[in-house]
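The structure presented is a predicted model; accordingly, all values stated were derived computationally and were not measured. Reminder, nothing fancy here: chain letters follow the sequence lines and each chain counts from 1.
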Protein chains: 2
Amino acid sequence: MNDDMLTASAVKADPEKWPFTPHVISLETSIIREILKISSKPGVISLAGGYPSPEMFPLEDLKQSAIDVIDEFQSASAQYSFSMGIPVLREAIAERETKLGAPTKTENILITSGSQQGIELCARAFIDPGEYIITEYPTYVGALQAFDFYQAQYAMVDMDQDGMLVDQVEDAIKKYKPKLIYTVSTFQNPTGITMSEERKRALVEIAVKYGIPIVDDNPYGELRFAGEHVATMKDVGGDAVISLGTFSKIIAPGLRVGWMNCSDKIIALFEKVKQCADLHANTFTQYMIYNYVRSGKLAAHIPEIIENYGAKRNLMLKEMDKHFPAGLSWTKPEGGLFLWIELPKSMSASELLPKAIEEKVTYVYGHPFFPDGKGDNTMRLNFSNASHEQISLAIERLGKVLKENMP
Amino acid sequence: MNDDMLTASAVKADPEKWPFTPHVISLETSIIREILKISSKPGVISLAGGYPSPEMFPLEDLKQSAIDVIDEFQSASAQYSFSMGIPVLREAIAERETKLGAPTKTENILITSGSQQGIELCARAFIDPGEYIITEYPTYVGALQAFDFYQAQYAMVDMDQDGMLVDQVEDAIKKYKPKLIYTVSTFQNPTGITMSEERKRALVEIAVKYGIPIVDDNPYGELRFAGEHVATMKDVGGDAVISLGTFSKIIAPGLRVGWMNCSDKIIALFEKVKQCADLHANTFTQYMIYNYVRSGKLAAHIPEIIENYGAKRNLMLKEMDKHFPAGLSWTKPEGGLFLWIELPKSMSASELLPKAIEEKVTYVYGHPFFPDGKGDNTMRLNFSNASHEQISLAIERLGKVLKENMP
């Protein structure tokens, strides 16, 4: 055998011709992540991402947590651990969930690599190609991306200011035989709308009647800065609901720790699916978060986030009133990270984006949040990540672009 | 509506009747992880897991890394980041791969949540239900678990002391039309065997001829404590190979950072698949590892691990010679974490395990490593995790059980 012929550089491989599965080749990259790349250019103010406010990360406390965790847990903090997650954190999460209104035991909690993985695990557990999922219309684009991989189809249910129009759900179930109902029922991404308790109860009744799960994606639930508390889907639905939580918005997303709260009768099944995917969540950051929660610092920190985001949301609404032209409408969320704008039907938020980028401001146009690709006259604005100065400047710039392009 | 009827506790949900996908219900939990639960009982010495030695974790350096990372990178160390991984770590890995023998650019590296996720991403990208994967016989059980989720079938290729019998591969490709070739070609899990360079070159030639990828799972490659260096599959195969690496065995597995090294022509496709799964790997531990690698401490640490594991491997082989009955054969690996024992054909390593547990020693019986479930007369022993004292005691105990049960 002639080695010269066979050195790596001489190997005539053609990876582009490898037999990838067709549905992987057809996958689309996240449009948000593409916009974020543009947003990182100097001088551009981004209202695009769902990023928490960097000044809200408790960096010094996290540093102390990392030190304490290694001192206290030693090699266990760096070793392989359980696919279900480390028991002390699962117990701490169960206690928090119970305090927040949903009676929860340690056995109900599976730690995930962010709540995005919780969505992914549900897709894996329920969806075969062509099967249906009931979603709000619009809904979280990252969930659609996870579901699309499994070639899911969507039964889309309209929303109003009280969330999903639940009276449309039963017909959708009869027509499409969906495998699950996916909802972001509190401070929804992208609209910021919260489903009323009455609607939640009605949705639970229907889900139980037809024997399908409600997956309640709830990353923002603790971040209410206006209005009255509304019971969560898990509070009212119990075992009828798989709820997905995360520390991304109340501590820091880079630690990639979320959780699934579901019936202990079926959680072992999700444990197996999690095992196949990545063995277990990050041991070290699970311990860091456990230490931070146990210290009581998280409980003290959340009100600071709420105050910070509430002030930014108020500022953004004030600046929008000042700078946006007539003919637009937008939501006034009582919590979370986003608000949602409707432009005149004839306008295209995606065609507008390059003009906004010229003015050094970015947002996410709305159509990727609609499973059928409609809704191009909508856009999502994030108010958590930018500073007050940036928000004022960004809305002024965006207002200019909007005015110049009104029909 | 009567609220009392609708409190969570009153909701009559029956999650066990939810419409899970059939192939998820049929998934089996990892037998290794079940054995590990038994192994954690007091007094039991485990030779079962693939756990690195806890005394080899550079805990003080990792603590300093966590501090330095927050001081230097501030909020960026805790924020969302790129699905491809943080650029500085990707660049550092590319430099290491190049030094180790495979010319690599930053664009070739995708950071994964441990190399288990690398296996999972390859399964996702290539396998539709019923399609074939070529594997060594036996092969890594965790890979089979990841592939099984996608309902893969296996074309199994026998091994000898030089690894996969590559002259069987071309016929297997013609017969089964496999989508990929999966190999642990260096210090294989479970056998500890390394494929010869000549076989690797021959396998690359075949893979290129038939246009299918070689996925080379290489978590132990840097841990050679005996014999001569052998070029890796990536070294000889270049773009014909997707190689999977991890810091789990050279720093710590709990940080969950691995990588995929593949052609930049197709890596964007894996980026999309990674995005669907969990957005991106852990930002904080990626920075911790980057800081540790950049400091030069990793390069200084690896020889310490090699010395530690080499001594344990030598001790285990010595004790086996002393305590094991005639009629057994085992591999003498030149690196990695495992050695592999063949019992007389009539013996069952799985039936022997309860007796071993009575003697307070555990191992992993071999049949889960065989896609066809055969090989019950084999067992895998790990020599990295236990202490010298534990290894001597464990092999003595196991020798007693073996002697009492020889045919």
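Rounding to the nearest 0.5 Å gives a distance of 8.5 Å between CZ of A/R124 and NE2 of B/H23. If you take NZ on B/K179 and OG1 on A/T21, they are separated by 6.5 Å, rounding to the nearest 0.5 Å.
Under the side-chain hydrogen bond (donor to acceptor under 3.5 Å, both in side chains) criterion, A/S77 pairs with no residue at all, not counting sequence neighbours. With sequence neighbours left out, B/K209 forms a side-chain hydrogen bond (donor to acceptor under 3.5 Å, both in side chains) with B/E170.
When the candidates A/A123, A/A125, A/G49 are compared by the number of heavy-atom contacts under 4.5 Å with chain B, A/A125 comes out ahead. With chain A as the partner, the residue from B/A66, B/G142, B/A277 showing the most heavy-atom pairs under 4.5 Å is B/A277. No other option in A/M56, A/E131, A/K249 has as many heavy-atom pairs under 4.5 Å with chain B as A/K249. Highest contact tally toward chain B, considering only A/S263, A/S115, A/G211, A/G114, is held by A/G211 [criterion: heavy-atom pairs under 4.5 Å]. Heavy-atom pairs under 4.5 Å with chain B peak, among A/V257, A/L121, A/D278, at A/D278. The candidate from B/P129, B/S83, B/P103, B/A143 with the greatest count of non-hydrogen atom pairs under 4.5 Å with chain A is B/S83. Put simply, of A/F82, A/F284, A/Y210, the one with the most heavy-atom pairs under 4.5 Å next to chain B is A/F284.
The side-chain heavy atoms of A/P19 and B/P213, taken from C-beta on, include a pair separated by under 4.5 Å. B/F57 has its side chain out of reach of A/Q74: every pair of non-hydrogen atoms, C-beta onward, lies at least 4.5 Å apart. Taking 4.5 Å as the limit, some side-chain heavy atom of B/C276 sits within range of a side-chain heavy atom of A/L27. Contact of the A/R256 side chain with the B/Y80 side chain is registered, since non-hydrogen atoms from C-beta on lie closer than 4.5 Å. In this structure, the side chains of B/I242 and A/P15 stay at 4.5 Å or more apart for every pair of heavy atoms. Between A/K63 and B/D71 there is a side-chain heavy-atom pair separated by less than 4.5 Å. At a threshold of 4.5 Å between non-hydrogen side-chain atoms, the residues A/I127 and B/F20 do not count as touching. A/Q64 places none of its side-chain heavy atoms less than 4.5 Å from the side chain of B/I67.
Of the atoms belonging to A/F73, not a single heavy atom falls under 4.5 Å from chain B. In this structure, chain B has no heavy atom under 4.5 Å from any part of A/D264. Heavy-atom distances place no part of A/A102 under 4.5 Å from chain B, backbone and side chain included. Of the two parts of A/S81, only the backbone, made up of N, CA, C and O, holds a non-hydrogen atom closer than 4.5 Å to a non-hydrogen atom of chain B. Heavy atoms closer than 4.5 Å to chain A are found in the side chain of B/M288, but not in its backbone. Only the side chain of B/V208 comes within contact range of chain A, with at least one heavy atom under 4.5 Å from a heavy atom of that chain.
Here the shortest heavy-atom pairing between A/D128 and B/P22 reads OD2-CD, 3.8 Å. Residues B/L62 and A/I70 approach most closely at C-CD1, 4.1 Å, considering heavy atoms. For A/Q116 against B/Q275, the heavy-atom pair with the smallest separation is NE2-O, 4.2 Å. In this structure, B/A78 and A/L59 approach most closely via the heavy-atom pair CB-CD2, 4.2 Å.
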Passes side-chain contact (heavy atoms from CB on, under 4.5 Å), A/D239 versus B/V11? Steps please.
CA-CA 7 Å; A/D239 276 357; B/V11 171; over 6 Å; no
Stepwise side-chain contact (heavy atoms from CB on, under 4.5 Å) test for B/K17 and A/I266
CA-CA 10 Å; B/K17 294 212 175 77; A/I266 54 152; over 6 Å; no
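No donor-acceptor pair under 3.5 Å is formed between the side chain of A/K265 and the backbone N or O of B/E16. Looking only at distances, a side-chain donor or acceptor of A/N282 sits under 3.5 Å from a matching main-chain atom of B/L255. Judged by distance alone, with hydrogens and angles left aside, the side-chain atoms of A/Q79 form a donor-acceptor pair with the main-chain N or O of B/P52 at under 3.5 Å.
Using cut-offs of 30° and 60° on the angle between ring planes, the pair B/F149 and A/Y150 is perpendicular.
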